[in-house]
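Notes for the one structure printed next.
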Amino acid sequence: MRRYYFDYAATAPADLEVVKAMEPYFYEKFGNPSSLHYFGQEARKAMEEARGELAAFLGAKDEEIIFTSGGTESDNFALNGIAQANENKGNHIITSAIEHHAVLEPARLLEKRGFKVTYVKVDEFGMVSPQDIKKAITDKTILISIMHANNEIGTIQPIKEIAAVAKEKGIYFHCDAVQTVGHMPTNVDDLGVDLLSLSAHKFYGPKGVGALYVRKGTKISPFMLGGGQEKHRRASTENVAAIVGLGKAVEICKKKMFEEEKEQTVMRDRIINELKKKIERIYLNGHPTRRLSNNVNFSVEYVEGESMLLNLDMAGIAASTGSACTSGDLEPSHVLLSIGRPHELCHGSIRFTLGRFTQGEDIDYLLEKFPEIVARLRSMSPLYDK
Ligand SMILES: *Cc1c(COP(=O)(O)O)cnc(C)c1O
């Protein structure tokens, strides 16, 4: 059966060019970048080239890039590292109610350890207000962490404005840009961020590798201890092949990003408009215009997200309900609850995310099958009274 992938926000397939670039670093060029001999230096050179590629892409300096195991580690690193290194200055952190769990969970743990955390609310579209951030600041605030774009509903935050508020008060600003790096501009100076998280598998690189950008002069504690790698900030032998893959993925995105953004916006809007026409009582989650070019998220009245997901899967369509990371539990998505959706609509959410390999005919198929599935499920629902 032909399969249709609409879950790029969960992960994207690696680009074949990325895989090819990685291959030699598993065997011929297998050296440890910390070794001083030929093998080590060959690996180090490749790793530093990838670092340079990423740094240039972000408008950063090479030494401001720390390679990590992915978005989750980068987020944990930012929160814990800043909290630990700046405890003497204050114990207050500001974030939003709709962050990824990789930010929310470390924030909760810090609360248990005596930090105070303000979870700023969002409006019905999932937007954080810079004004609310400003109001939440105290003289104990050491870090503000707001994501660039939300992984569930696609809303893009006013990062520049929020960063300006942070800067005015001399507070570090971290941005989880896992959903935007490689998809839209993420220049660290334009955004005004001090720390920024990214993950390669969200932009056609391999899984298990990412980076944390840390602006020069930022006081941050190391995340892992045990070796001198990454300037003593992240010990452990570097995943050279994966880092090379990340570099290649950046190089490709640099060329294709703007074109892809345009194409995906057209496809996204086609799905949104057609589904609204074909299915009654469905509600778009997230901002109508300030949203990721590849994100469609609807709440469908009288239907369970889980049922839609399984029926779509049987028809060969891969989608997501709530967040991919949380679809295993029964709690409704914290993001949908935060934008004020009632519980039934949280449970009836479905997300379609597009990417590099999505084609027009995939969308034709989706637009044919999904309304059928919703109609079938509704016909079985005792609550639905058409
Ligand atoms: C995917 C994702 C993460 C986690 O990244 P991993 O590399 O899978 O650990 C963090 N934040 C956001 C917004 C994401 O979409």
Side-chain angles (χ1 to χ4, degrees), residues 5-14 18 54 65-80 95-108 119 122 126-128 145-157 159 162 174-184 186 191 193 195-213 223-224 234 236 239 242-243 245-246 249-250 253 285-287 290-297 318-328 333-336 338-339 351-355:
Y5 190 72
F6 286 99
D7 204 10
Y8 279 84
T11 194
V18 166
L54 175 61
I65 302 293
I66 305 174
F67 288 119
T68 66
S69 67
T72 301
E73 183 185 320
S74 296
D75 286 345
N76 275 261
F77 190 167
L79 269 80
N80 290 324
T95 185
S96 87
I98 64 163
E99 294 302 305
H100 192 276
H101 288 293
V103 166
L104 292 176
E105 296 294 324
R108 282 191 195 114
Y119 301 90
V122 295
M127 292 286 275
V128 174
S145 177
I146 302 292
M147 70 203 315
H148 195 184
N150 185 269
N151 48 301
E152 290 188 41
I153 58 174
T155 302
I156 298 167
Q157 302 299 344
I159 292 301
I162 297 169
H174 166 248
C175 182
D176 174 341
V178 174
Q179 285 292 328
T180 52
V181 170
H183 302 281
M184 55 185 275
T186 48
L191 291 173
V193 300
L195 303 111
L196 180 138
S197 301
L198 61 99
S199 175
H201 75 103
K202 301 286 175 81
F203 57 91
Y204 316 101
K207 292 171 187 53
V209 66
L212 180 66
Y213 157 79
F223 185 66
M224 289 213 279
R234 203 278 189 181
S236 179
N239 188 351
I243 290 169
L246 184 156
V250 166
C253 286
N285 293 313
H287 199 281
R290 283 192 58 102
R291 73 185 297 129
L292 288 171
S293 57
N294 75 335
N295 175 294
V296 176
N297 187 321
S320 158
T321 172
S323 169
C325 319
T326 54
S327 54
S333 142
H334 66 290
V335 177
L336 297 175
S338 295
I339 60 171
R351 180 187 73 182
F352 302 109
T353 43
L354 323 175

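When a ligand or atom number is given, it counts from 1 through the structure's own listing order. Below, each value reflects all heavy atoms present in this structure, side chains not excepted, and no hydrogens, waters or symmetry copies.
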Per-atom contacts, ligand 1 versus Lys202 - under 4.0 Å to a heavy atom: 1 (C), 2 (C), 3 (C), 14 (C), 15 (O)

Please identify which atoms of ligand 1 are closer than 4.0 Å to at least one heavy atom of Met147. 13 (C)

Which class fits the ring pair His334 and His101: parallel under 30°, tilted 30 to 60°, perpendicular over 60°? tilted

Ligand-residue contact atoms, ligand 1 with Ser199, heavy atoms, under 4.0 Å: 6 (P), 7 (O)

Could you check if a side-chain atom of His183 sits within less than 4.5 angstrom of a side-chain atom of Leu292, using non-hydrogen atoms only? no

Verdict with reasoning, Ser74 to Thr68, per side-chain hydrogen bond (donor to acceptor under 3.5 Å, both in side chains): CA-CA 6 Å; Ser74 296; Thr68 66; 2.9 Å; yes

Would a 4.5 Å heavy-atom cut-off, applied to side chains only, mark Glu99 and Ile146 as touching? yes

For ligand 1, is any non-hydrogen atom under 4.0 Å from Lys207's backbone (N, CA, C, O), its side chain (CB onward), both, or neither? neither

Option set Val178, Thr72, Thr11, criterion heavy-atom distance to atom 4 (C) of ligand 1, minimum: Thr72

Gly70 heavy atoms within 4.0 Å reach ligand 1 at atoms 7 (O)

Interfacing atoms of ligand 1 (cut-off 4.0 Å, heavy-atom, Gly71): 5 (O), 6 (P), 7 (O), 9 (O)

Min N/O separation Gln179 to ligand 1 under 3.5 Å: yes

Please evaluate residues Lys207 and Thr11 with respect to the criterion side-chain contact (heavy atoms from CB on, under 4.5 Å), reporting the C-alpha separation (whole Å), side-chain torsions for both, the decisive distance (0.1 Å), and the verdict. CA-CA 8 Å; Lys207 292 171 187 53; Thr11 194; 3.2 Å; yes

N/O donor-acceptor pair under 3.5 Å between Asn295 side chain and Glu152 backbone: yes

